[in-house]
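Note on naming: letters A, B, ... go to the chains in the order of the sequence lines (proteins, then strands), and numbering restarts at 1 for each one. Just so it is clear, the structure is predicted and the values come from calculations on it, not from any experiment.
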Protein chains: 2
Amino acid sequence: MQQMRTSADLRIHNQARLLRAVHDADEPLTRAGAGRLLGFGRNTMATLVGELEAAGLLHEVRADVAGRGRPTTLLVPHPRGPIAFAADIREDSWTLAQIELGGLLTELAAGEHDRTPAVFEELRAAMKRHATGRTAALGIAVTGPLRDGHRLHISHLDWGEVDLRRHLDDEWPTAVGNDARLAGLAEARRGALRRTGTALHFHIDFDIGGTLLLDGDPQRGAANIAGEFGHMPLTGSRLRCMCGVHGCWSLDVGTNALLRHFGREPGHGRGREFGREIVARAAAGDPEAGRAVDDNATALGRGLGALANALDPEAITLSGLGVDLIRLRRDLIEAACADALMEFRRATPPRILAGTVGEIGPLRGAAEIAFDAVLHPDELRKRL
Amino acid sequence: MQQMRTSADLRIHNQARLLRAVHDADEPLTRAGAGRLLGFGRNTMATLVGELEAAGLLHEVRADVAGRGRPTTLLVPHPRGPIAFAADIREDSWTLAQIELGGLLTELAAGEHDRTPAVFEELRAAMKRHATGRTAALGIAVTGPLRDGHRLHISHLDWGEVDLRRHLDDEWPTAVGNDARLAGLAEARRGALRRTGTALHFHIDFDIGGTLLLDGDPQRGAANIAGEFGHMPLTGSRLRCMCGVHGCWSLDVGTNALLRHFGREPGHGRGREFGREIVARAAAGDPEAGRAVDDNATALGRGLGALANALDPEAITLSGLGVDLIRLRRDLIEAACADALMEFRRATPPRILAGTVGEIGPLRGAAEIAFDAVLHPDELRKRL
DNA sequence: ACCTTTATGTTCCTGTCTAGAACAAAAACG
DNA sequence: CGTTTTTGTTCTAGACAGGAACATAAAGGT
């Protein structure tokens, strides 16, 4: 917690708690319900909500009456309240969306790109088109490690080091995160990891990216490049990985591993189509594709077990290809995981779940970190 | 942060901040200096310190005058203030100590034990002898995973599952942690990891235990059994580990691995003497011992690199045998670590350091978690 | 139709907390 | 021995959340 010393800090803190509760709620909160949830009396709620309404952050609308008692109001986003941009930049495409208080996500624009950093120009143009006076922050998901929060490395696109600060204006507070981390955040906020204390999320695409979530917070590490779980030698492979290390877990799990099983050289973010085809064939009963998927699932499980020994997650969620692997080979994954778990842990293994946020996980996560900036006490202070 | 809503909570929070600052300070804080550090005016400091003095938590003594201006006071532990017990229970011995505000640690009693849970009886007797009205909390370090914070598994002592709640009274608030986690906490509070955001600590004894420290906080995992980094397959071993898994890192690093190099069967917490002898021989130039230590160091480095890829620590500290390995084979460790680091990380590898707290790390960590209970807002509320 | 019950909103007052200002105190400096 | 510097003390002010009493708006019951 940042500085909290004076009663003014306390007020900001409580306003932030209220807005956070509204933002994170599964269903719209009533004013009375929010008061109960947060422990405020009706008098205090009146002043808090009043101030937030005056600041253009919250709006009250009549709630449908339910049962006895004086009707209360619903706490909804203010019609002129702040909106955040969220962008997801993938190997070959980009998406721009906006999010408002409460989590409503609306797609604004999307496109293909030419696998060069010119994509940032397209994104800036799209933002210029859609920006309004309400736009307050920007969150971006990118598909690679982000050293120090702005130096992007995407080796398989030959982006040696792309400095995001050169490609983006600083018109709004901007937060950036890699896709796996943000997909994990999305699961923690809106998906299968809600109310989970310690969890792991893995986004399996060409290879594996992941994030350790502690009380819903996806960890960043010292230089913002934590999460490369795919580049630990967890499955005994002898191959050299594109990252420069031998034996990486990602050599055996992900679309690249599927391609390699069929003799295709993986790399440069190509072959996703064929990967999907292998999964489809395996689902249809093709034996060779089935073996490729078997190997993938087994290697996945072994790695998950090893990581569970060290990090003791309550649950592990998967997105991307991981969802298919769970659907087709849950047994294999769980058996391999159990084999890799220390004996005394096997009675209570971590739950392994498919993420429920789906394809838009990184975009949703980018939206969340963007809106987090708006709800941050320092930002709030300026509006109140 | 637990509930923080009212101005009374704010006061407790600020009192806790002040006591925490006094406790964590490298040198005794002055009242004026603490005020500057925490951002309080002199008036507020007067009331805060006054209340803490009245509550028997803080005491003011005249400070040596330094330079101009009215002399201020030193903030020291109250002569009748709370004291916490700290205990360290190892495979064959136990220690009881006490800690007071500011971190002063005093050993009270110690002994050997018979490798059965009867050690807890000895410990209770020692505590009964040394308890006074000032005793306020108890922290214990144990050498094994502690499921749910009270179920202790020490497979190599054949302690299948020992429920600590049956062996301890609940006379005081009691906190328990495993030795590696508490050694890491000790480094974060009083050693080489002060002011380090993301760090890893490994305690290398017979095998490897570790902990991930985030802003000084050693992580626990969902069931309090995080930290078994030694039971991930990071070095390609084919052996079966006592934990029930194949290929564990601990098969190649630690005293057990040294023993195995010399054809001795490891296990049951025996052979530490011979392990020390191997280290001494290697230091003296014995080639066979040297090779054993080489292998240990290389395997250590490989594992550290793999973990750094995933967790991106700023620094890694080692205790136990790790201190000897750094002293004798720093180059090998760092080279193996670099080989296991993703290429783009090699320019800025994590610092690998020997812990500076020393042998008493687990005891010091136990003392810290015990005193943390005293400084916790809920406990403080009772005293104010 | 009318009163009761229930839940919520509003108003006013109280207690607590930190900050600011003015002043007092205790040292070093010249 | 007065000045400067730093700290402690006291008193007042401003802000915040809570409690109590009352008002309001619905459903239930007769």
Side-chain angles (χ1 to χ4, degrees), chain A residues 1-19 21 28-55 58-75 377 380-381 384, chain B residues 1-19 21 28-55 58-75 377 380-381 384:
Chain A
M1 158 151 297
Q2 72 296 327
Q3 196 149 334
M4 159 78 86
R5 184 169 27 99
T6 72
S7 42
D9 296 332
L10 182 61
R11 168 61 63 96
I12 294 288
H13 168 79
N14 280 332
Q15 299 281 37
R17 283 212 307 153
L18 175 53
L19 288 174
L29 281 180
T30 65
R31 178 164 144 184
R36 272 189 299 272
L37 186 69
L38 299 175
F40 290 114
R42 302 192 295 273
N43 43 9
T44 307
M45 282 304 290
T47 60
L48 291 180
V49 172
E51 274 182 30
L52 290 174
E53 175 102 47
L58 216 51
H59 188 57
E60 290 189 281
V61 298
R62 216 185 294 274
D64 295 346
V65 289
R68 285 190 183 185
R70 177 171 173 172
T72 182
T73 57
L74 241 34
L75 269 20
L380 233 44
R381 219 179 299 263
L384 286 168
Chain B
M1 157 153 295
Q2 71 295 329
Q3 195 150 333
M4 158 80 86
R5 185 168 28 97
T6 72
S7 40
D9 296 333
L10 181 62
R11 168 61 63 96
I12 295 287
H13 167 79
N14 279 332
Q15 299 281 36
R17 282 211 308 152
L18 175 53
L19 288 173
L29 281 180
T30 64
R31 177 162 142 184
R36 272 190 298 273
L37 186 68
L38 300 174
F40 290 113
R42 302 192 294 275
N43 43 11
T44 307
M45 282 305 289
T47 60
L48 291 180
V49 172
E51 274 183 31
L52 289 174
E53 175 102 47
L58 216 49
H59 188 57
E60 291 188 281
V61 298
R62 215 184 294 276
D64 296 346
V65 290
R68 283 191 183 183
R70 177 170 173 170
T72 181
T73 59
L74 241 35
L75 269 21
L380 233 43
R381 220 178 298 263
L384 285 167

*Could you state the CD1-P distance from A:Ile12 to D:dA17, rounded to the nearest angstrom?*
10 Å
*Between A:Gly41 and B:Thr30, which has a closest nucleotide on DNA chain D that is more 5'?*
B:Thr30
*asked:* From CZ of B:Arg11 over to P of D:dC16, roughly how many Å is that when rounded to an integer?
replied: 17 Å
*May I ask you to verify if any side-chain N or O of B:Arg36 is less than 4.0 angstrom from the OP1 or OP2 atom of D:dT7?*
yes
*For the residue pair A:Thr30 and A:Thr72, what are the closest heavy atoms and their distance?*
CB-CG2, 3.6 Å
*Can you sort out the partners of A:Glu53 under salt bridge (Lys or Arg N to Asp or Glu O under 4.0 Å), two or more places apart, ordered by chain and number?*
none
*If you look at every strand shown and take non-hydrogen atoms under 4.0 Å, does B:Asn14 touch a base, only sugar-phosphate, or nothing?*
sugar-phosphate
*Looking only at heavy atoms, which two atoms of A:Ala63 and A:Leu74 are closest? And how far apart?*
CB-CD1, 3.7 Å
*Roughly how many Å is it from CG in A:Leu384 to P in D:dA15, rounded to a whole number?*
14 Å
_With A:Arg31 via salt bridge (Lys or Arg N to Asp or Glu O under 4.0 Å) - residues at least two apart_ = A:Glu60
*Under a criterion of less than 4.0 angstrom to any heavy atom of chain A, what are the 5'-terminal and 3'-terminal contacting nucleotides of DNA chain C?*
C:dT5 to C:dA19
*Sidechain-backbone polar pair: B:His13 side chain, A:Met4 backbone, donor-acceptor under 3.5 Å*: yes
*Can you name the closest pair of heavy atoms from A:Gln15 and A:Leu380 and give their distance?*
C-CD2, 4.3 Å
*Over how many whole Å does the gap from A:Leu10 atom CG to D:dG18 atom P extend?*
9 Å
*Round to the nearest Å and state the distance from A:His13 atom NE2 to D:dC16 atom P.*
14 Å
*If you take all heavy atoms of A:Ser7 and B:Leu10, which pair is closest and at what distance?*
N-CD2, 3.7 Å
_Restricting to side-chain contact (heavy atoms from CB on, under 4.5 Å), what partner residues turn up for A:Arg5, sequence neighbours left out?_
A:Gln3, A:Asp9, B:Asn14, B:Arg17, B:Phe40
_When you measure only distances, ignoring hydrogens and angles, does the side chain of A:Asn43 come within 3.5 Å of the base of D:dG19 through a donor and an acceptor?_
yes
*Within less than 4.0 Å of OP1 or OP2 of D:dT9, is there a side-chain N or O belonging to B:Arg31?*
yes
*asked:* Please determine whether a side-chain nitrogen or oxygen atom of B:Thr72 lies at a distance below 4.0 Å from atom OP1 or OP2 of D:dG8.
replied: yes
*Treat primed atoms plus P, OP1 and OP2 as sugar-phosphate and everything else as base, then score nucleotides 22-30 of chain D 5' to 3': B for base contact with protein heavy atoms under 4.0 Å, S for sugar-phosphate contact only, - for none.*
-BBBBSS--
*asked:* Which residues pass the side-chain hydrogen bond (donor to acceptor under 3.5 Å, both in side chains) test with B:Thr47, not counting sequence neighbours?
replied: none
*Atom CD of B:Glu53 to atom P of D:dT9: distance rounded to whole Å?*
11 Å
